[in-house]
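Residue numbers run from 1 in the order of the sequence given. Ligands are counted one by one from 1 in listed order, and the atoms in each one are counted from 1 as well.
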Amino acid sequence: MDEITLTRPDDWHLHVRDGALTQAVAGYSAAVFGRAIIMPNLKPPVTDVAAARAYRDRIRGVIDDASGFEPLMTLYLTDDTTPVTIAEAAACGFIQGIKLYPAGATTNSDAGVTDLARCHDALAAMAEHGLPLLVHGEVTAPDVDVFDREAAFLEERLAPLLERHPSLRVVLEHVTTARATEFVRHGPSRLAATITAHHLLLNRNDMLVGGIRPHHYCLPVLKRERDRAALLEAATSGNPKFFLGTDSAPHPRGAKVADCGCAGVFSAATAMPAYAEAFEAAGALDRLEGFASHFGPDFYGLARNTDSLTLRRHPWSVPNALPAGDDVLVPLRAGEEMAWQTVVGPQAGG
Ligand code: NCD
Ligand code: ZN
């Protein structure tokens with residue numbers, strides 16, 4: 001198979017940042033994906049409908065209308081988020097989820113939730129209004145090893161949360177462990193998970209062997225090979241609980257290559273070729289469309305896209321860096337050859 005045409009995919013977990021960085025990155029996603037769930041971890045975070053509307057306008061302002069790309073907005077859950085804010089978010093029509101960052105778990109999570117017990121009214125309102133909770137699933141206790149933080153979250157936090165809110169829909173974002181795939185697979189149908197391209201392609205050796213690779217450092221951190229294999233198995237299984245979310249998280253090279261480098265892999269520019277590579281390695285290219293284009297909208301209760309995207313086998317060299325204002329961004333697979341290319345043409349955006 002040298003060419004595959006899919007229903008146009010969507011990205012169910014994306015960071016496009018703000019200001020000049022949005023201008024540098026949003027177009028890569030808009031050229032390929034029909035929609036993307038936009039993460040709210042700006043500084044300050046996007047915590048109400050007015051801020052989400054203004055942010056959506058800023059994103060729309062830098063993308064080509066002809067792309068047909070639609071940013072699906074989210075709010076950042078805090079200890080103080082009220083049921084009224086949740087009701088307003090559900091009513092506004094352009095907010096598709098509420099994001100839980102445990103305080104201190106990742107980039108710009110300082111304003112995140114310190115204790116889920118403070119959020120039960122907001123969570124109940126989300127269940128009532130049908131707004132899903134999108135979860136960064138890691139505990140933050142200093143005595144829990146960074147490689148164990150996702151696994152600890154499942155039993156300690158997620159299981160009780162699902163039990164306490166029996167109709168709340170939950171997306172466990174960017175799963176990274178075999179344990180998480182099992183948890184989601186055996187959980188209720190209202191529980192789903194996104195999987196990144198980099199967690200399908202890389203394990204922690206790719207970050208730490210032969211020198212430290214800051215561009216492979218992200219959160220949740222890359223895990224063991226057996227975890228990567230389990231993620232690939234889940235993504236290619238045809239189980240609709242697992243769908244595409246790049247977690248493309250651009251940081252300028254100067255912030256990645258530093259004494260204390262930021263977490264995040266910038267994958268927006270190479271995402272679909274990367275997913276195609278992973279699915280092909282598993283002999284499952286025929287399952288890519290479900291994962292990339294069908295299961296996400298089905299879970300969110302949105303229509304599938306009606307336009308299409310073609311991927312062609314046509315080896316190309318990924319640039320070492322892409323411009324971003326005064327700095328550069330280093331994309332996933334920088335300086336390497338990739339087998340698949342997205343054919344960006346009139347079919348995108350229809
Ligand atoms: C993300 C970021 O930089 O905003 N970083 C990351 O490593 N994935 C935050 C997140 O999704 O955890
Ligand atoms: Zn993210």
Side-chain angles (χ1 to χ4, degrees), residues 10-19 21-22 24-26 29 33 36-46 55 59 71-77 96-113 132-140 146-147 149-150 153 157 170-177 180 192-202 204 206-207 212-223 231 243-258 260-268 271 274 296 324 327 329-332:
D10 302 301
D11 184 349
W12 300 95
H13 184 126
L14 177 66
H15 302 266
V16 292
R17 311 306 193 199
D18 214 346
L21 211 41
T22 309
V25 301
S29 298
F33 296 100
I37 286 276
I38 306 295
M39 288 294 133
N41 61 332
L42 304 184
K43 260 185 172 164
V46 179
Y55 185 30
I59 297 167
L72 307 175
M73 308 310 290
T74 60
L75 295 188
Y76 185 116
L77 186 69
Q96 297 295 344
I98 309 291
K99 180 68 191 270
L100 163 64
Y101 290 104
T106 188
T107 308
N108 294 347
S109 62
D110 307 353
V113 171
L133 177 70
L134 317 183
V135 179
H136 184 108
E138 290 191 286
V139 299
T140 56
V146 70
F147 289 100
R149 287 180 173 199
E150 181 176 277
F153 187 89
R157 301 275 189 274
V170 175
V171 184
L172 184 58
E173 300 290 337
H174 43 50
V175 286
T176 64
T177 55
T194 55
I195 305 182
T196 78
H198 47 285
H199 287 98
L200 292 178
L201 290 171
L202 305 173
R204 63 199 200 182
D206 295 304
M207 178 176 61
I212 190 159
R213 314 278 173 161
H215 303 295
H216 289 168
Y217 171 59
C218 63
L219 288 169
V221 73
L222 294 168
K223 303 296 192 308
L231 296 170
F243 47 83
L244 185 156
T246 63
D247 192 20
S248 177
H251 294 276
R253 179 158 62 188
K256 294 282 298 170
V257 184
C260 183
C262 294
V265 171
F266 171 53
S267 60
D327 206 321
L329 296 166
V330 177
L332 177 64

For a quick check under 3.5 Å, do [X] and [Y] share a side-chain donor-acceptor pair by atom type?
{"X": "D247", "Y": "T196", "result": "no"}
{"X": "E173", "Y": "H13", "result": "yes"}
{"X": "K99", "Y": "T74", "result": "no"}
{"X": "R253", "Y": "H215", "result": "no"}

So is H251 touching ligand 1 or not, going by heavy atoms under 4.0 Å? yes
Would you call E138 a ligand 1 contact, heavy-atom distance under 4.0 Å? no
Less than 4.5 Å apart, side chain to side chain, heavy atoms only: is that true for V25 and L329? yes
What is the closest protein heavy atom to atom 5 (N) of ligand 1, and at what distance does it sit? A263 O, 3.1 Å
What residue and atom, counting heavy atoms only, is the protein's closest point to atom 10 (C) of ligand 1, and at what distance? T106 OG1, 3.4 Å
Proximity of [X] to ligand 1 by residue part, where a heavy atom lies under 4.0 Å:
{"X": "H174", "answer": "side chain"}
{"X": "M39", "answer": "neither"}
{"X": "R17", "answer": "side chain"}

When you measure from atom 8 (N) of ligand 1 to each heavy atom in D247, T246, L14, which option holds the nearest one? D247
Among V265, L219, N41, closest by any non-hydrogen atom to atom 4 (O) of ligand 1: N41
Grab the two heavy atoms, one from F33 and one from D10, that are nearest each other, plus how far apart they are. CD2-C, 3.5 Å
Of the non-hydrogen atoms in H198 and L222, which two are nearest, and what is the gap between them? O-CD2, 4.0 Å
Testing S267, S248, P71 one by one against L14 for a side-chain contact (heavy atoms from CB on, under 4.5 Å), which residue passes? S248
Which class fits the ring pair Y101 and H136: parallel under 30°, tilted 30 to 60°, perpendicular over 60°? tilted
Considering only N, O or S atoms of D247, the one closest to the Zn ion (ligand 2): OD1
Residue H15 atom name (nearest to the Zn ion (ligand 2); N/O/S): NE2
Go through ligand 1 atom by atom and flag the ones less than 4.0 Å from a non-hydrogen atom of [X].
{"X": "H136", "answer": "12 (O)"}
{"X": "A249", "answer": "1 (C), 2 (C), 3 (O), 5 (N)"}
{"X": "C218", "answer": "7 (O)"}
{"X": "H13", "answer": "11 (O)"}

Quick one: does any side-chain atom of Y76 pair with a main-chain N or O of G112 as donor and acceptor, under 3.5 Å? yes
Please walk me through it: do K43 and D18 pass side chain to side chain contact (heavy atoms under 4.5 Å, CB included)? CA-CA 9 Å; K43 260 185 172 164; D18 214 346; over 6 Å; no
Using 2.8 Å as a strict upper limit, say whether an N, O or S atom of H136 approaches the Zn ion (ligand 2) that closely. no
Report yes or no: does H174 have an N/O/S atom closer than 2.8 Å to the Zn ion (ligand 2)? no
Geometric N/O contact G264 with ligand 1, under 3.5 angstrom: yes
